[in-house]
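These numbers were taken from a predicted model, which means no experiment stands behind them. Residue numbers start from 1 in every chain, and the chains themselves are labelled A, B, ... in the order their sequence lines are given, proteins ahead of strands.
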Amino acid sequence: MPSSRADAAFITTPIYYVNDRPHIGHAYTTIISDVWARASRLQGRSTFFLTGTDEHGAKVEKSATARGITPQALADENAAEFQRVLGTFGITCDDFIRTTQPRHIRQVQAFLKALAARGAVTLGTFQGWYDEGQEEYYTETRAKDLGYKSPISGRDLVRASEDNYYFRLSQFQKPLEAFFAANPGFVQPQGRFNEVLGRLRDGLQDVPITRTNFAWGIPFPGDGRHVVYVWIDALLNYVTAMGVGAELANSLGIAESTAPEGSTAGGTGHESDDATLAALAAARSTYWPAQYHVIGKEILWFHAVIWPAMLMALELPLPRRIHAHSFWIADGQKMSKSMGNFIDLPTIDRYIGTYGLDAWRWYMATQGPLQAADADFRAAHFHEMYTAELVNLVGNCASRVGAMVGKYCGGTMPMDSRVGRSVDAGAGAAGVAGMPAPRDAIQCWVVRCGAAVATWREAMEDFDLVLAARAALDLLRDVDAYINRTEPFKLAKDPSNAENMSKVHSILAQCTQTVRVAGVLLLPFLPEKMDQLAQAFGGVPAGCAACGSVSIARVTEAGCSAGDFAALARYGEIPVGAAIAKTALFPRIERKES
RNA sequence: GCCGAUGUAGCUCAGCUGGUUAGAGCGAGGGAUUCAUAAGCCCUAGGUCGGCGGUUCGAAUCCGCCCAUCGGCACCA
């Protein structure tokens, strides 16, 4: 069993079903996870961000058959599409796992074998409503909704049964209750956790984990007539990607040859032998358990109950937290294929084309359904948020500070002449040395920045991206307010007035330093633009020397990791004399009425 | 049907264990300015805090009922 590292963090998205086309839901989950991963790296933590594709199951098999290609060919095609699409969102995943890769298949079989060996699996009979045309089972409630008729063919559903292997979930009722009681923050938001607890009180039943009515899946070890049911296969990706089951697979002698027919395992990894698997484990297994499983609310039960129970059965550590977000709706309407109102890829591309990638990430991360309520996606709202927060606040604040340093300080970082006495923005309501008082008495910028950083860190820890972003924006609001109050542009009217010019330099020094700190906090959200800002504001204060950027580097790329966060986010790191340039970050966009 | 949640200014929402004139952001209207991306700043919006009843010296904040909206209810990624 791996032992986790305190200085490491592992964050995952669900793996996406290759039978789907990428849409806003995939974009959302992946982007918010990416923001968190970047923030984690920024803080100097060794961070692993995993996403991927789920490629087995009856639906994939059926779609492939309909197109006259193999399931693997379909999976290859769509997995490539997912990778391409996610790439366009600036995602910094450290790996992209595919469930048809041998490394995954071998470990899944090893885990199932271990589950069976530990008495967590039994053979039973599954009964359900079967659609003979679709070769699919429906749940009791779904069948009832359909009037016990096939939604496709209209024929009556039949009561069918098949022998399946079951995971003895019912055995984990007590252990799960104890775990939840001891970990009240396990599932967030809280409302979702309550839902899980409520359902748990109704009691747990064993769940089937194999199927025999289709072939496109991982053969169940010991009984080749069965394939592993897709969601068991899928859940295990979180540990197989990290090589957690490598030792088990090797010791059980499970070889790649047991992979299903037609599985050629394209894509990134092609680990197939014991040594490769062992290497995978050596490099990654200490990342487990995951710090965050980021998921949509529709798959909460699997992640909050079945997955922990499986891990308990395998005697593996449980993930620390599960964040289940809600759904985007479009203009007040649920998105659905029949409504034709899905925010699809072409729509997303249009937004990114018009507003830029960072703006898209910003809207996703700050206006999305992060908590229990669904969020409405509206074009007008997108435009308003872009203009109000990115153009008018972030962009404009950086612009006016950069412009004044250019005009009044020769484009170099000015000296704060009060350093040594007080780097504040007015110690108390009276202000300092004739300088107008700030709007609050707590405006010592060192303290102010430190508080913002602390708020940001705590918010990130809780996956409260909105609060984290606001901590940075508030810093910029304070800078704006400070400029308005101290009016350096008036003090600078007479350049020969040395005393006033000294004040101007002090004021602008404070503003410049603070804007830079805010920029660091915004980096995970706005990687391109905040990198641009960092370059304009003194170059590279404490970021990655190797790549010459403060952008958060990927930990997996040798020699390129985030710098010392304490220094990076500290007020005052821009050295006096450093070049400061005015920079235009977010262009104003005229919204054409549609 | 069962379980749970929500209902606060035009919009999105804060308001912990009840207590001075109910808040923020955005939008809208007005004002003073000009360093800045016609941005920033200041003032304003008089909203029965879903409805009714109760507890209390006192409730948006506790209890009950009602209305409305929403979520979960297991094999769906």
Report summary line: Taking for A:Y166 and for A:E195 the nucleotide of RNA chain B with the nearest heavy atom, the one nearer the 5' end belongs to A:E195
Report summary line: Per atom distances to the A:W231 side chain, the nearest of B:A77, B:A39, B:C26 is B:A77
Report summary line: Residue pairs meeting salt bridge (Lys or Arg N to Asp or Glu O under 4.0 Å), one or both in residues 400-412 of chain A, sequence neighbours left out, come to A:R400-A:D480
Query raised in the report: Is any side-chain nitrogen or oxygen of A:K59 closer than 4.0 Å to OP1 or OP2 of B:C76?
Result: no
Query - Nearest-nucleotide pick for A:N396, side chain only, options being B:U34, B:A39, B:G71 - result: B:A39
Query raised in the report: Should stems be defined as at least three consecutive Watson-Crick or G-U pairs with both distances under 3.5 angstrom, which of them involve RNA chain B?
Result: B:1-7 with B:67-73, B:10-13 with B:23-26, B:28-31 with B:41-44, B:50-54 with B:62-66
Requested in this report: Report which part of the nucleic acid A:G52 touches: base, sugar-phosphate, or nothing (heavy-atom distance under 4.0 Å, all strands).
Outcome: nothing
Query - C1' gap between B:G64 and B:G19, integer Å - result: 24 Å
Query - Span that lies between the C1' atom of B:C49 and that of B:A24, in whole angstrom - result: 15 Å
Query - P spacing across the pair B:C66 / B:G23, given as an integer number of angstrom - result: 34 Å
Query raised in the report: Looking only at heavy atoms, what is the nearest atom pair of A:C397 and A:V479, with distance?
Result: SG-CG1, 3.7 Å
Query raised in the report: Reckon A:G198 touches a base, only the sugar-phosphate, or nothing at all at heavy-atom distances under 4.0 Å?
Result: nothing
Query raised in the report: What integer distance in Å separates A:W362:CH2 from B:C26:P?
Result: 13 Å
Requested in this report: Return the orientation label for the A:F382 and A:Y351 ring planes: parallel under 30°, perpendicular over 60°, tilted otherwise.
Outcome: tilted
Report summary line: Closest of B:G71, B:U33, B:C35 to the A:R192 side chain is B:G71
Query raised in the report: With side chains defined as the heavy atoms from C-beta onward, is the minimum distance between A:L112 and A:V121 less than 4.5 Å?
Result: no
Query - A:N164 CG - B:A74 P separation (whole Å) - result: 18 Å
Query raised in the report: Quick one: is A:Y229 getting a side-chain N or O under 4.0 Å of the B:C76 phosphate, OP1 or OP2?
Result: yes
Query raised in the report: Counting any heavy atom closer than 4.0 Å, what does A:I295 reach on the DNA or RNA strands: base, sugar-phosphate only, or nothing?
Result: nothing
Query raised in the report: Which is true for A:E389 with a 4.0 Å heavy-atom rule: it touches a base, it touches only sugar-phosphate, or it touches nothing?
Result: nothing
Report task. May I ask you to test the A:I483-A:P488 pair for a side-chain heavy-atom distance under 4.5 Å? Result -> yes
Requested in this report: Would you mind telling me which of B:G25, B:A36, B:A74 lies closest to the side-chain atoms of A:R199?
Outcome: B:A74
Query raised in the report: Between A:D376 (CG) and B:C70 (C1'), how many Å, whole number?
Result: 14 Å
Query raised in the report: If we take the C1' atom in both B:G46 and B:A9, what is their distance in whole Å?
Result: 10 Å
Query raised in the report: Nearest to the side chain of A:R477 - B:G25, B:A77, B:G27?
Result: B:G25
Query raised in the report: Parallel, tilted or perpendicular: which describes the rings of A:F186 and A:F179, with under 30° parallel and over 60° perpendicular?
Result: perpendicular
Report summary line: Contacts of A:V230 and A:T583 projected onto RNA chain B by closest heavy atom; the upstream (5') one is A:T583
Report task. Examine B:C35: is either OP1 or OP2 under 4.0 Å from a nitrogen or oxygen in the side chain of A:K582? Give yes or no. Result -> no
Query raised in the report: Between A:F377 and A:W360, how do the two ring planes meet: parallel, tilted or perpendicular, split at 30° and 60°?
Result: tilted
Report summary line: A:Q190 atom CD is separated from B:G71 atom C1', nearest whole Å, by 15 Å
Report task. Using the P atom on both, measure B:U21 against B:A59 and round to a whole Å. Result -> 12 Å
Requested in this report: Please state whether the phosphate of B:G40, meaning OP1 or OP2, lies under 4.0 angstrom from any side-chain nitrogen or oxygen of A:N392.
Outcome: yes
Requested in this report: Applying salt bridge (Lys or Arg N to Asp or Glu O under 4.0 Å), name anything that partners A:E458, two or more places apart in sequence or on another chain.
Outcome: none
Query raised in the report: Just checking A:H303: base, sugar-phosphate only, or nothing, at a heavy-atom cut-off of under 4.0 Å?
Result: base
Query - Test salt bridge (Lys or Arg N to Asp or Glu O under 4.0 Å) applied to A:R321 - qualifying residues, sequence neighbours left out - result: A:D462
Atom pairs, N/O to N/O, protein against nucleotides 7-11 of chain B, distance under 3.5 Å?
residue	atom	partner	partner atom	Å
B:C11	O2'	A:R378	NH2	3.4

Report task. Would you classify A:N194 as touching base, sugar-phosphate or nothing, given that sugar-phosphate means primed atoms plus P, OP1 and OP2, and contacts are heavy atoms under 4.0 Å? Result -> nothing
Query raised in the report: Contact class for A:L585 vs. all strands (heavy atom < 4.0 Å): base, sugar-phosphate, or nothing?
Result: base
Requested in this report: Measure up the A:Y229 and A:F214 rings against each other and bin them: parallel (under 30°), tilted (30 to 60°), perpendicular (over 60°).
Outcome: tilted
Query raised in the report: Out of B:G40, B:C35, B:A77, which nucleotide sits closest to the side chain of A:D480?
Result: B:G40
Query raised in the report: Expressed in angstrom and rounded to an integer, what is the separation of A:F193 atom CZ from B:G71 atom C1'?
Result: 18 Å
Query raised in the report: Going by distance alone, is a donor N or O of one side chain under 3.5 Å from an acceptor N or O of the other, for A:R98 and A:N237?
Result: no
Requested in this report: Only counting residues at least two apart or in another chain, list the ones meeting ring-ring contact (aromatic ring centres under 6.0 Å, His included) with A:Y28.
Outcome: A:H325, A:W328
Report task. Using a 4.0 Å heavy-atom cut-off across all strands, classify A:A403 as base, sugar-phosphate, or nothing. Result -> sugar-phosphate
Query - Rounded distance (Å) that lies between atom C1' of B:G72 and atom CG of A:L200 - result: 14 Å
Requested in this report: Rounded to whole angstrom, note down the C1' distance from B:A32 over to B:C43.
Outcome: 10 Å
Query raised in the report: How far, in whole Å, is B:U55 from B:C13 if one measures between their P atoms?
Result: 35 Å
Query raised in the report: Contact class for A:P488 (heavy atom, under 4.0 Å): base, sugar-phosphate, or nothing?
Result: nothing
Query raised in the report: Just wondering, do A:F82 and A:P22 contact through their side chains at under 4.5 Å, heavy atoms?
Result: yes
Requested in this report: Compute the ring centroids of A:F172 and A:F167, then answer whether they are less than 6.0 Å apart.
Outcome: yes
Requested in this report: Starting at atom NE2 of A:H383, determine the distance to atom C1' of B:U37, rounded to an integer number of angstrom.
Outcome: 13 Å
Query raised in the report: The side chain of A:N484 lies closest to which of these nucleotides: B:A74, B:C41, B:A38?
Result: B:C41
Report task. Between B:C26, B:G40, B:A74, spot the one nearest the side chain of A:A388, thanks. Result -> B:C26
Query raised in the report: How would you label the contact of A:N237 with the nucleic acid (heavy atoms, under 4.0 Å): base, sugar-phosphate, or nothing?
Result: nothing
**Report entry** Interatomic distance at P, B:G58 relative to B:G53, whole Å
**Finding:** 16 Å
Requested in this report: Look at the side chain of A:L204 and decide which nucleotide, out of B:A74, B:A36, B:G72, has an atom nearest to it.
Outcome: B:A74
Query - Rounded distance in Å - NZ (A:K490) to C1' (B:G40) - result: 14 Å
**Report entry** Of the listed nucleotides B:C35, B:G72, B:U37, the one nearest the side chain of A:K297
**Finding:** B:G72
Requested in this report: Determine the contact category for A:F586: base if any of its heavy atoms lies under 4.0 Å from a base atom, sugar-phosphate if only primed atoms, P, OP1 or OP2 are that close, otherwise nothing.
Outcome: base
